[in-house]
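Okay, structure first, notes after.
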Amino acid sequence: MKTTHKLNLIAAALVLSLPAFAQNKPVVTDQGEMNVEAAAKAFPKRGFSPYANRNYPTRVLWGDEHVHTGWSVDAGAFGATLGPEEAVRFARGEQVKSSLGEPAKLSRPLDWVVITDHSDAAGVIFEIRDGNPTLMRDPLIKKWHDMMAAGKGVEAASEMISAQSNNKVPAAMKDPKLALTIWQKNTAIMEKYNEPGRFSALIGYEWTSNAGGGDNLHRNVIYRDGKDKADQAIPMTTFDSENPEDLWKWMAKWEEKTGGSLLAIPHNGNLSNGKMFALTTFQGNPLTREWAESRAKWEPMYEITQIKGDGETQPSLSPTDEFANFEKWDKANLAGVPKTAGMLEREYARQALKEGLKLEEKLGVNPFKFGFVSGTDTHTGLTTAEEDNFFGKHTGVEPSAHRWEHAVIKTPQVNILGWQMAAAGYTGVWATENTRASIWDALKRKEAYSTTGPRMTVRFFGGWDFDAKDAQTRLPAEAGYSKGVPMGGDLQQAPAGKAPTFLVAALKDPMSGNLDRYQIIKGWMDAKGELHEKVYDVAWSGDRKPGANGKLPPVGNTVDVPNATWTNTIGSPELIAVWKDPQFDPAQRAFYYGRVIEIPTPRWTAYEAKRYNIQMPKEVPMTLQERGYTSPIWYTPGK
């Protein structure tokens, strides 16, 4: 077959080339599901230009779906002075000054951003800091104001967070009229900087459930719509409820009232002490089909990596995965309460994806059928995810000669230091245009992927008929969309005698390291209901060959740690291949996702050591292998 970009197909012929069309089954596009007739309109007659009339995503759009400003209590009390407006301007590529007065700018502008300040008393912290007379009538709030004025913002923040976790926040901070006024200011800023076609400022907030006084069950709630609909109700807070099921009900009522659309993104299950992917409800009851349907509907994505650690998997859960021990925060919950046996397996994405297969067998619905995104979770207002430009978690750990040794979490049992922060991450979405609706739709259908910072371009398609020739085209998406489904999609019942094939492609970030390898992670459930996983190297740089143990030799390391630099003399600028599952059983439920690994490059700690001429202990890592995670593709027997 000739490369697909040279084909001149009429709409009918293109329709017949798509398996879903040929079977008269719905086809998922940027606008949702389409039948055959609608598909014929979506793929009009192709003329001379291979780029004209294309109706599938052709460019990845980069953004951060998790950004806090000084309007969040735990940011403002720590000294963050940047608000939503400065944060959006920074994400758009403008230079701003950090809260400590340091000039800051991104290497390249982002395409979109979501400002997700905590809905609990959002913006009120600035009112407390500035001595709002109405708020000062409450003695506890006045105490916090005085503490902040005396330079004890950290202590004030700790008391406020404790009050929020224990539902003891003063009533004045929860006043609905004040909340609405601040929310309308926020949405007005998003409207001001939203520029369809150039930059999308999505409206959002973080619902911050700290169940049990510190078990992280946080969700970022993102609006598809603009201010006109967002302003019709103030965001839900944990003053209302800390139960995720109540958040889903709130979202449903909001959509019914406004006609708008919402989705929620959980994050940092690694800090939930076993509750993020628990196999019971929030109140400890058995899971039901209704519960599973709600979680699957409202939470199509999961934030897999950010400043507070990587959440893909963990060495004890994936002992044969040589890349499992990456940027881990797996000691305790947010309050520093240590973990106990059994918690880890309910905290990480890969294990949850496997458990989802079993729950689908039992309940008829997979509640953990999510794709992958990432954000910074910065509390500085600065969306910096590059190692050489990392401004830290909060103002207390902005760049300095000592932030690497600063205690981020410190209790008698747990001590997490500044050097354990991860400079991550960004989300790439495959959207047809740079608009709120198109980006939101890509997140909803899971055609998005996560990286730990680099802006590598990654494709992942699954189908039944990909062959080696498809990896030779310069337009892999033509073959990908015409012969299969993209990341986030579902494979139909296996044709007789066939195993799924996957078209994978990755192109390096021009400002980052070359690529080491492209892996596919498979998870499946066998006939006995037991869960399994396996990591396959499917494309790699150089002439390396797997050893007797099946493992690919390391790519090497060119990092010059003292000078915080490296050379791209190893690795490859791009990887592309077609892979066929060698152990496929058509009767077994399974999922597959891609993981792209870069060659070693300097970690932010190496840049810091060089800049400040400091020597850090040996346990502080100086290099890392950045990576990207695609959203999965699922196979369901009989579907």
Side-chain angles (χ1 to χ4, degrees), residues 119-120 161-169 206-221 236-253 264-303 308 311 313-314 316-317 329-370 411 413-414 525 529-531:
S119 60
D120 296 353
I161 294 169
S162 176
Q164 179 262 339
S165 299
N166 294 289
N167 199 25
K168 294 182 178 181
V169 173
E206 181 174 340
W207 176 79
T208 315
S209 173
N210 291 321
D215 294 337
N216 184 99
L217 292 175
H218 302 183
R219 267 83 169 166
N220 293 334
V221 179
M236 181 177 172
T237 71
T238 55
F239 305 146
D240 304 311
S241 173
E242 288 197 311
N243 186 342
E245 296 170 62
D246 291 331
L247 175 65
W248 306 333
K249 292 175 183 176
W250 180 92
M251 295 169 71
K253 290 180 180 178
I265 302 178
H267 63 268
N268 279 123
N270 61 318
L271 298 176
S272 71
N273 273 6
K275 292 185 178 180
M276 180 60 75
F277 301 114
L279 300 184
T280 58
T281 69
F282 181 79
Q283 296 179 336
N285 299 319
L287 301 183
T288 64
R289 182 185 178 97
E290 180 182 10
W291 182 95
E293 288 175 340
S294 293
R295 181 153 187 167
K297 175 181 180 179
W298 297 113
E299 300 183 359
M301 306 298 285
Y302 178 70
E303 184 179 291
K308 297 197 298 289
T313 191
Q314 203 267 351
S316 66
L317 302 176
W329 276 36
D330 53 9
K331 297 179 180 180
N333 70 358
L334 285 174
V337 178
K339 297 191 186 300
T340 57
M343 287 182 176
L344 290 175
E345 61 184 335
R346 301 289 173 251
E347 297 185 350
Y348 286 87
R350 189 188 299 177
Q351 184 65 27
L353 290 173
K354 292 192 295 182
E355 292 289 354
L357 302 177
K358 182 176 287 189
L359 289 171
E360 185 174 31
E361 179 85 7
K362 177 182 178 181
L363 303 174
V365 177
N366 182 349
F368 301 145
K369 196 173 183 180
F370 49 75
T411 69
Q413 302 92 351
V414 177
M525 185 177 72
E530 296 180 356
L531 301 173

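Just so it is clear, the model here is predicted, and its values are computed rather than measured.
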remark   = With sequence neighbours left out, the residues meeting ring-ring contact (aromatic ring centres under 6.0 Å, His included) with Phe368 are Phe277
message = Enumerate the ring pair (Phe, Tyr, Trp, His ring centres under 6.0 Å) contacts for residues 278-297, please, sequence neighbours excluded, ordered by first and then second residue.
response = Trp248-Trp291
query = Taking all non-hydrogen atoms of both residues, which atom of Gly213 and which atom of Ala335 are closest, and how far apart?
reply = O-CB, 3.4 Å
task = Apply the salt bridge (charged side-chain N to carboxylate O under 4.0 Å, His left out) test between Glu347 and each candidate in Lys275, Lys331, Lys339; give the one that qualifies.
result = Lys339
remark   = When rounded to the nearest 0.5 Å, the distance separating CE of Met343 from CG of Asp330 is 12.5 Å
query = To the nearest 0.5 Å, what is the distance between CZ (Arg350) and OG1 (Thr313)?
reply = 4.5 Å
request  = Inspect the contact between Arg289 and Glu293 and indicate whether a charged nitrogen and a carboxylate oxygen are less than 4.0 angstrom apart.
outcome  = yes
Partners passing side-chain hydrogen bond (donor to acceptor under 3.5 Å, both in side chains) against Glu206 (at least two apart in sequence or in another chain) = His66, His68, His218, His267
query = Heavy-atom distance under 4.5 Å between the side chains of Ser241 and Met236, does that happen here?
reply = yes
inquiry  = What's the separation between atom NZ in Lys354 and atom CG in Leu317, rounded to the nearest 0.5 Å?
reply    = 7.5 Å
key: Smallest separation among heavy atoms of Val365 and Ala296, with atom names   = CG1-CB, 4.5 Å
request  = Would you indicate whether the side-chain heavy atoms of Gln314 and Gln351 approach each other to under 4.5 Å?
outcome  = no
key: Gap between atom CG of Asp215 and atom CG of Asn210 - 0.5 Å precision   = 8.5 Å
key: Nearest heavy-atom neighbours spanning Pro286 and Thr281   = O-CG2, 3.8 Å
query = Residues in side-chain hydrogen bond (donor to acceptor under 3.5 Å, both in side chains) with Thr208, at least two apart?
reply = His118
ask   = Within a strict 4.5 Å, meaning less than it, do heavy atoms of the Glu303 and Asn220 side chains meet?
value = yes
message = Measuring from atom OG of Ser209 to atom CZ of Arg219, what distance do you get when rounded to the nearest 0.5 angstrom?
response = 7.5 Å
Heavy-atom pair with the smallest gap, counting every atom of Gly336 and Val414 = O-CG2, 3.4 Å
task = Just jot down the side-chain hydrogen bond (donor to acceptor under 3.5 Å, both in side chains) partners of Asn268, sequence neighbours excluded, or say none.
result = Asn270, Gln306, Lys308
query = For the atom pair OG1 (Thr340) and CG (Asn273), what is the distance rounded to the nearest 0.5 Å?
reply = 7.0 Å
ask   = Restricting to pairs with a member in residues 340-362, which pass ring pair (Phe, Tyr, Trp, His ring centres under 6.0 Å), not counting sequence neighbours?
value = none
ask   = Can you find a pair of side-chain heavy atoms, one from Leu359 and one from Leu279, that are under 4.5 Å apart?
value = yes
query = Counting distance only, does the side-chain N/O of Lys369 pair as donor-acceptor with the main-chain N or O of Gly356 below 3.5 Å?
reply = no
ask   = Looking only at side chains, do Thr288 and Glu290 share a donor and an acceptor under 3.5 Å apart?
value = no
note = Taking every heavy atom of Pro367 against every heavy atom of Arg295, the minimum-distance pair comes out as O-CG, 3.5 Å
ask   = Hey, are the side chains of Glu242 and Leu217 touching, using non-hydrogen atoms and a 4.5 Å cut-off?
value = no
query = Got a donor-acceptor contact below 3.5 angstrom from the Asp120 side chain to the Thr238 backbone?
reply = yes
request  = Indicate the atoms forming the closest heavy-atom contact of Tyr302 with Gly269, along with that distance.
outcome  = OH-N, 2.9 Å
